[in-house]
Enquirer: 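Before anything else, here's the structure in question.
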Amino acid sequence: MKKWIAGAALALAAMTGTAFADGHGDYPERPIMLMVSYGAGGATDFQARIVTMTAGNEDALGMPMAIVNKPGAGGRVGWNWFATQAEADGYTLGAYNIPHFIAQSIEGGVDYSADSFEPIANWGADPAVFVVGADSEFNSMDDVVDFAKANPAGLTFSGAGLFVGHHIAALQLEKAAGVKMAYIPNNAGGAGAMRAVISGEVMGGVNNLSDAYRAQAAGNVKILGVFDLERNSFLPDVPTLMEQGYEIDNASVNFRGVMVPKGTPQAVIDHLAATVPTMFENSRVQSRMEAGGSPMHIMTRDEVLAMWAVRQETLEDLLAGL
Amino acid sequence: MTDLPRNQHIIASGLIAAVGITVAYVSFTQEPADAFIFPRLIASVFAVLAIWTFGKAVLGRTKVGNGLSAGAMRNLAPGLIVMLIYVYWAAKGLGFYTATTIAFFVLLSLYDPAPHTQLKTWLKRIVITAAFMLVIYGLFAQLLNVFTPKEILF
Amino acid sequence: MEFLFYMGDVFTPVNFGLLLLGTIGGLILGATPGLSPTMAVALLIPFTFKLEPQQGLILLGAAYTSTVAGGAVSAILLKIPGAPANIATTLDGHAMAQKGEGARALQLSFIASAVGGVFGVLLLIFLTPILAQWALAFGPSHLFWLAILGVTVIGTLDSSSVVKGLLSGCIGLWLATIGFDDIMGAQRFIFHPSVAGGINVIPALIGLFAIPQVITMFTKGRSSDDAEIISVKRHPIRKAMAEVFSRKRALSIGTAVGSIIGLIPGVGGQIAGLVAYDQSQKFSPEKDKFGTGHSEGVIAAESANNAMVGPSLVPLLTLSIPGSPTAAVLLGGLLIHGIFPGPDLFMNYPQVAWTFIDSMLIGQILMCVFGLYIAGLAANVARIPHGVMAALVLGLAVFGSYSVQNSMGDVYVMATLGLAMYFLERFGFSAAPLVLGLILGPIAEANFIQGSMIANATVGMGSYFFTGWLNWLLIVIVIASVSYSVWMEIAQRRYTTKDDAVAKEEALS
């Protein structure tokens with residue numbers, strides 16, 4: 001019995017081995033897992049579920065994708081797992097959030113860096129915005145900065161955590177305006193940070209454009225500025241920070257996309273890099289994302305590689321001063 | 001509770017006290033200090049309570065808990081060994097479904113009081129194992145799409 | 001009364017079919033170990049892509065309702081709480097099942113769930129605007145005091161001695177700090193790669209409750225079952241109804257605690273059942289019976305669990321802020337159809353919003369009907385010989401804890417905690433306070449740190465944590481709770497009576 005099992009195992013290993021050595025084989029031949037390092041219901045999880053819903057179509061991968069959540073510590077838990085324990089066989093994909101994981105790897109204490117992963121394609125770009133409660137006395141970023149100048153380190157504002165996009169935006173704002181403010185990282189992510197703004201626990205907050213757009217529609221917050229190079233189509237009336245006189249680029253924009261661990265066979269990477277962007281372009285995906293207020297921004301593997309390299313540099317500069 | 005196994009209580013609470021002191025030591029020496037404020041608080045209370053319990057056990061004043069009897073240990077040993085092999089090695093080494101089938105069948109045979117000599121007993125055990133595995137496979141693999149470590153077969 | 005107007009929509013063939021599907025599916029998913037209501041609802045989201053918004057929400061709402069109640073099935077019969085919400089149900093529910101009263105326990109739990117659930121949804125219908133303010137009232141300082149209140153419950157919860165209860169709680173609080181700290185991202189106590197991601201509550205729950213029970217079954221050896229065949233008692237539903245409504249104290253404490261705590265973002269769902277259980281024990285004249293298969297325990301815990309469902313959706317529907325992970329998943333279900341919840345949700349999409357709420361109301365009743373039907377059959381689980389049962393629970397525990405995050409590390413954590421818990425239980429420690437510590441630790445810590453950051457930037461620590469009526473109300477309750485426990489400890493040396501209970505339990509098993 002034992003011999004037979006061992007023999008079968010060898011045969012099986014040999015079969016899968018040769019399939020990959022060939023390059024294409026019949027990849028994918030079973031469902032694919034997509035690891036999301038945030039909890040079910042968060043913006044990344046929600047968008048990942050939408051953009052992968054057509055993975056099973058014949059013109060896409062031909063196999064469904066299942067989302068597995070590994071939340072914790074601003075994404076560190078999931079990405080650590082992905083860099084160290086995920087199998088590089090092409091059946092384990094991960095969602096990335098830029099600038100989060102790059103900023104965390106620069107800060108240290110994690111087992112990954114931009115070199116641990118191979119990007120496949122980018123699906124979305126969610127800029128950070130500055131929000132204040134609907135009844136706040138602040139009506140522009142100048143009001144906020146003036147208050148911060150009068151009360152050094154006394155203006156409380158929330159964000160989703162340390163070394164995530166919101167924190168980067170906060171650091172950029174402090175640097176550009178030359179003020180000190182009190183950034184309060186929230187343990188319940190973007191939703192918790194937004195709640196803190198609406199209930200008045202903090203005076204303002206940095207949050208995702210998509211969530212702030214909804215909160216503004218519900219009449220709960222005012223959006224004072226967008227941390228991006230140009231205005232967003234969801235919020236044509238809200239000026240960028242640059243327009244309001246603060247030298248802030250798009251380093252904090254939350255890019256979301258799909259990646260695989262380093263060591264995944266090149267043939268698999270090529271196959272995914274060719275099919276995944278077209279999967280994101282599917283009209284059903286586009287309409288669902290639009291309906292949910294989630295800005296899409298599709299980028300190919302080469303574009304993402306270039307973007308990662310640029311982010312690595314700007315973030316190293318920005319965080320060096322800490 | 002007349003015949004409390006006092007020595008067992010001393011060993012058990014001693015182990016807990018050791019853990020408590022280790023935790024307290026680690027949390028007071030690790031950096032960054034900011035991230036260890038809360039653990040220090042907990043660890044201090046933990047260590048104090050653990051030492052108190054240990055003291056009570058040494059003085060023989062522990063009133064709750066029945067300890068372990070030799071008979072019970074003899075009975076649980078084979079099951080525990082199967083469980084340890086199954087969880088810590090076989091589940092990953094052999095693949096989830098293979099390992100679970102084997103572990104289920106072995107445990108069933110170990111603890112089923114029916115006589116080992118009859119063919120009927122063995123047939124019954126095989127049927128129960130197969131039924132359980134079918135339910136598990138249907139629920140986790142088919143319905144919930146759980147990706148299990150697959151090594152041999154499935 | 002607008003909700004009555006849309007009631008008819010629930011009963012169109014397609015909608016009602018989906019409601020049935022969601023309810024039955026939810027009961028099954030809820031009874032599956034390791035599958036929390038959040039995951040169950042998230043799994044159903046892809047199905048709603050293809051449905052109309054109204055239909056999709058009916059499916060999700062029904063599934064949410066019945067997974068919460070379905071968790072009681074594995075909690076009672078197998079002593080595996082499917083989610084933190086069901087911890088308190090295991091305490092008395094499983095004790096009843098061991099006495100052959102599984103049918104009674106399940107019937108009580110489903111009826112109590114339905115009563116609590118209907119009350120919760122009615123609150124959602126009638127009091128939403130008022131409740132929304134209440135949901136926002138809890139800032140970091142209040143959540144911190146609330147967590148401390150939970151910690152004070154630890155010492156007295158299902159424990160034979162207050163010191164050992166507190167010690168168990170400390171172990172739980174410590175376990176919760178393992179891994180990356182949520183705010184700073186610093187690594188703490190990572191002594192093995194399996195715990196690098198921290199200790200996930202659900203695998204820990206499964207291990208702490210199920211594994212000691214598996215080992216206890218091993219200790220019986222290959223003994224013949226003749227001596228201990230449990231006669232499964234049939235129990236008429238009529239009697240269960242009468243019993244639930246005669247236990248007015250437990251039922252009203254459970255429902256009230258569940259509704260109030262359910263509103264508090266991020267905390268409610270996990271501790272509603274435990275707090276309700278503890279409170280009804282404190283107010284009951286039959287305190288000593290708790291933990292030995294007492295009906296009040298099951299009724300309080302389960303009515304609180306389901307009463308929480310309705311109010312937990314208030315922040316989502318009125319303010320567009322998901323108050324719990326499950327609400328966050330439901331938000332996703334709304335967003336993919338382009339529906340943004342907010343104060344004008346009921347104006348812009350009355351057909352969707354009201355039908356959703358109505359379906360949760362009807363769902364509670366359907367859940368009860370199906371639950372009662374299952375109860376009669378499922379109680380036979382107690383007849384399964386212990387050899388089979390041990391193997392079955394172990395297999396389910398391994399699969400259940402693995403499926404939470406597809407992680408072998410979780411399985412190792414589950415088994416290790418379970419093994420340790422078996423030995424701890426033999427020396428008078430118990431799992432419930434440990435788990436409560438595990439749940440409350442992160443809440444207390446994160447809110448303390450956030451609170452002190454805000455305080456340092458504004459008014460200072462003293463005035464931040466010690467001003468405002470809500471802070472003081474919570475502080476007073478904390479003091480009252482501590483003094484009550486101390487007084488009880490001194491007045492009657494609780495453990496002697498509890499020893500009788502332990503002895504009784506030993507005799508039974």
Side-chain angles (χ1 to χ4, degrees), chain B residues 1 8-9 12-13 16 20 23 26-27 30 32 34-39 42-43 45-46 49-50 52-53 56 62-68 71-76 78-80 83-84 86-88 91-92 96 100 103-104 107-108 110-113 128 132 136 139-140 144 146-149, chain C residues 28 32 35 43 160-161 163-164 166-167 170-171 173-174 177 181 183-184 186 188-189 214-215 217-225 385-388 390-392 394-396 398-399 402-403 406 408 411-412 415 419 423-429 441 444-445 448-449 495-496 498-499 502 506:
Chain B
M1 296 299 123
Q8 284 187 12
H9 268 294
S13 55
I16 294 170
V23 168
V26 171
S27 53
Q30 285 275 338
D34 274 355
F36 280 90
I37 298 172
F38 195 72
I42 295 166
V45 182
F46 183 176
L49 286 173
W52 182 351
T53 316
K56 267 174 88 173
T62 314
K63 295 199 175 83
V64 240
N66 305 333
L68 303 152
M73 293 304 283
R74 251 198 315 281
N75 278 335
L76 77 82
L80 197 61
M83 182 177 140
L84 293 178
Y86 166 47
V87 171
Y88 292 101
K92 191 149 191 205
F96 252 55
T100 309
F104 190 93
L107 285 178
L108 199 56
L110 281 174
Y111 289 98
D112 182 8
I128 294 175
F132 175 74
I136 289 270
L139 197 60
F140 287 96
L144 303 177
V146 174
F147 291 76
T148 43
Chain C
I28 296 170
T32 308
L35 209 69
L43 280 170
S160 27
S161 109
V163 173
K164 284 189 174 171
L166 285 174
L167 191 49
C170 276
I171 298 175
L173 285 166
W174 169 63
T177 64
D181 115 64
I183 291 186
M184 311 280 179
R188 302 192 298 201
F189 307 113
V214 169
I215 302 178
M217 285 189 264
F218 287 159
T219 58
K220 291 176 197 159
R222 239 190 112 220
S223 62
S224 157
D225 270 324
H386 65 249
V388 182
L392 193 132
L394 180 62
L396 279 174
V398 168
F399 271 86
Y402 179 82
S403 67
N406 284 17
M408 247 355 255
V411 179
Y412 301 144
L419 275 172
F423 292 104
L424 284 174
E425 274 185 357
R426 303 305 299 166
F427 297 101
F429 296 87
E445 178 177 16
F448 178 71
I449 291 180
Y495 38 71
T496 43
K498 186 71 188 196
D499 255 0
V502 172
E506 294 288 320

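All chains are named by letter (A, B, ...) in the order of the sequence lines, taking the proteins before the strands, and each is independently numbered beginning at 1. For clarity, every value in this text was computed on a predicted model and none was experimentally measured.
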Enquirer: Name the member of Val26(B), Val23(B), Val45(B) that forms the most heavy-atom pairs with chain C at distances under 4.5 Å.
Expert: Val23(B)

Enquirer: First locate atom OG1 of Thr53(B), then atom NZ of Lys164(C), and finally report the distance between them rounded to the nearest 0.5 Å.
Expert: 6.5 Å

Enquirer: Measure the spacing between NE2 of His9(B) and CZ of Arg426(C) and express it to the nearest 0.5 Å.
Expert: 10.0 Å

Enquirer: Ignoring hydrogens, what is the shortest heavy-atom contact between Met408(C) and Val87(B)? Give both atom names and the distance.
Expert: CE-O, 4.0 Å

Enquirer: About how many Å separate CZ of Arg188(C) and CZ of Phe36(B), when rounded to the nearest 0.5 Å?
Expert: 6.5 Å

Enquirer: Please tell me if the side chains of Leu107(B) and Phe218(C) come closer than 4.5 Å, counting only heavy atoms from C-beta onward.
Expert: yes

Enquirer: Can you label the angle between the Phe399(C) ring and the Phe140(B) ring as parallel, tilted or perpendicular, going by 30° and 60°?
Expert: tilted

Enquirer: Mind checking whether Tyr88(B) and Tyr412(C) have parallel, tilted or perpendicular rings, split at 30° and 60°?
Expert: parallel

Enquirer: Given the options Ser13(B), Ala50(B), Gly20(B), which has more heavy-atom pairs under 4.5 Å with chain C than any of the others?
Expert: Ala50(B)

Enquirer: Locate the shortest heavy-atom distance separating Ile171(C) from Phe46(B); write the atom from each residue and the value.
Expert: CG1-CZ, 3.7 Å

Enquirer: Picking from Thr100(B), Leu108(B), Leu76(B), which has the most non-hydrogen pairs under 4.5 angstrom with chain C?
Expert: Leu76(B)

Enquirer: Hey, which of Ile128(B), Leu110(B), Ile37(B) has the most heavy atom pairs under 4.5 Å with chain C?
Expert: Leu110(B)

Enquirer: Given a strict heavy-atom distance threshold of 4.5 Å, which part of Leu424(C) is in contact with chain B: side chain, backbone, both, or neither?
Expert: side chain

Enquirer: Minimum heavy-atom separation for Ile42(B) and Trp174(C), please, with both atom names.
Expert: CG2-N, 4.0 Å

Enquirer: At their closest point, which heavy atom of Tyr86(B) faces which heavy atom of Gly395(C), and how far apart are they?
Expert: OH-CA, 4.0 Å

Enquirer: Roughly how far, to the nearest 0.5 Å, is CZ of Phe104(B) from CG of Leu394(C)?
Expert: 10.0 Å

Enquirer: Which heavy atom in Ala444(C) sits nearest to a heavy atom in Phe38(B), and how many Å separate them?
Expert: CB-CZ, 4.0 Å

Enquirer: For Leu80(B), is it the side chain, the backbone, both or neither that has a heavy atom under 4.5 Å from a heavy atom of chain C?
Expert: both

Enquirer: Counting heavy-atom pairs closer than 4.5 Å to chain C, which one of Ala43(B), Ala103(B), Gly79(B) comes out on top?
Expert: Gly79(B)

Enquirer: Taking side chain as everything from C-beta outward and backbone as N, CA, C, O, which of these in Thr177(C) sits under 4.5 Å from a heavy atom of chain B? Side chain, backbone, both or neither.
Expert: side chain

Enquirer: So how far is it from Ile16(B) CD1 to Phe423(C) CZ, rounded to the nearest 0.5 Å?
Expert: 12.5 Å

Enquirer: How many angstroms lie between atom CZ of Phe427(C) and atom CD of Gln8(B), to the nearest 0.5 angstrom?
Expert: 4.5 Å

Enquirer: Which heavy atom of Leu49(B) sits nearest to which heavy atom of Cys170(C), and what is that distance?
Expert: CD1-SG, 4.0 Å

